[in-house]
Amino acid sequence: MRLIGVKCDITVQRRISILPHTSVQKLLWDTLYNVVEPPFNRWPFKNMREKALELTMNHIHYEDEASRYMTIGCIEKPLCMLACWVEDPNSDYFKKQLARIGEFFWVGEMD
């Protein structure tokens with residue numbers, strides 16, 4: 001049964017990966033990147049972005065320390081690890097995340 005799920009996933013993945021972007025979608029992304037993004041990389045918006053990222057990382061570190069780097073969410077743990085790694089791959093926060101990853105994964109027995 002699991003093999004069927006894997007085959008379906010591969011089929012869906014192939015189908016999704018070959019869909020080309022439409023010209024409207026390309027125009028929209030190019031416009032956003034070339035027109036909207038440059039002003040946001042300048043003074044007031046750049047400082048706001050940096051402060052928002054700093055605040056976000058503070059929240060992530062607080063949550064990690066409060067939960068002792070263990071979460072019950074299957075999405076939260078990898079995202080927190082990724083955020084800590086992007087901030088500094090050699091940081092203590094990331095090393096503590098790696099130390100607890102073995103406890104996050106578990107192997108279920110099949111009947």
Using residues 68-81 as the side-chain source, report each donor-acceptor pair under 3.5 Å to any protein atom, sequence neighbours left out, with the distance given to one decimal.
| from | atom 1 | to | atom 2 | distance (Å) |
| --- | --- | --- | --- | --- |
| Lys77 | NZ | Tyr69 | O | 2.7 |
| Lys77 | NZ | Gln97 | OE1 | 2.9 |

Can you give each donor-acceptor pair under 3.5 Å made by side-chain atoms of residues 18-32, sequence neighbours left out, with the distance rounded to 0.1 Å?
| from | atom 1 | to | atom 2 | distance (Å) |
| --- | --- | --- | --- | --- |
| His21 | ND1 | Gln25 | OE1 | 3.1 |
| His21 | ND1 | Gln25 | NE2 | 3.4 |
| Thr22 | OG1 | Gln25 | N | 3.1 |
| Thr31 | OG1 | Leu27 | O | 2.7 |

Enumerate, atom names and distances included, each donor-acceptor pair closer than 3.5 Å involving a side-chain atom of residues 86-96, sequence neighbours excluded.
| from | atom 1 | to | atom 2 | distance (Å) |
| --- | --- | --- | --- | --- |
| Glu87 | OE1 | His61 | NE2 | 2.8 |
| Asp88 | OD1 | Asn90 | N | 3.3 |
| Ser91 | OG | Asp88 | O | 3.0 |
| Ser91 | OG | Phe94 | N | 3.3 |

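Here ring pair (Phe, Tyr, Trp, His ring centres under 6.0 Å) pairs that include residues 32-58, with residues two or more places apart or in two chains, are Phe40-Phe45. Residues in residues 35-44 take part in these salt bridge (charged side-chain N to carboxylate O under 4.0 Å, His left out) pairs, two or more places apart or across chains: Glu37-Arg49.
In this structure, Glu54 has no side chain to side chain donor-acceptor pair (under 3.5 Å) partners at least two apart in sequence or on a different chain. Applying the salt bridge (Lys or Arg N to Asp or Glu O under 4.0 Å) test to Glu65 and every residue at least two apart in sequence or in another chain returns nothing. Among residues two or more places apart in sequence or in another chain, the side-chain contact (heavy atoms from CB on, under 4.5 Å) test is passed with Leu55 by His59.
Chaining together hydrophobic side chains whose heavy atoms lie under 4.5 Å apart places Met57 alongside Ile60.
Hydrophobic clustering, with ILVMFWY side chains joined whenever heavy atoms are under 4.5 angstrom apart, groups Leu98 together with Trp85.
Nearest heavy-atom pair across Pro38 and Asn34 is CG-O, 3.4 Å.
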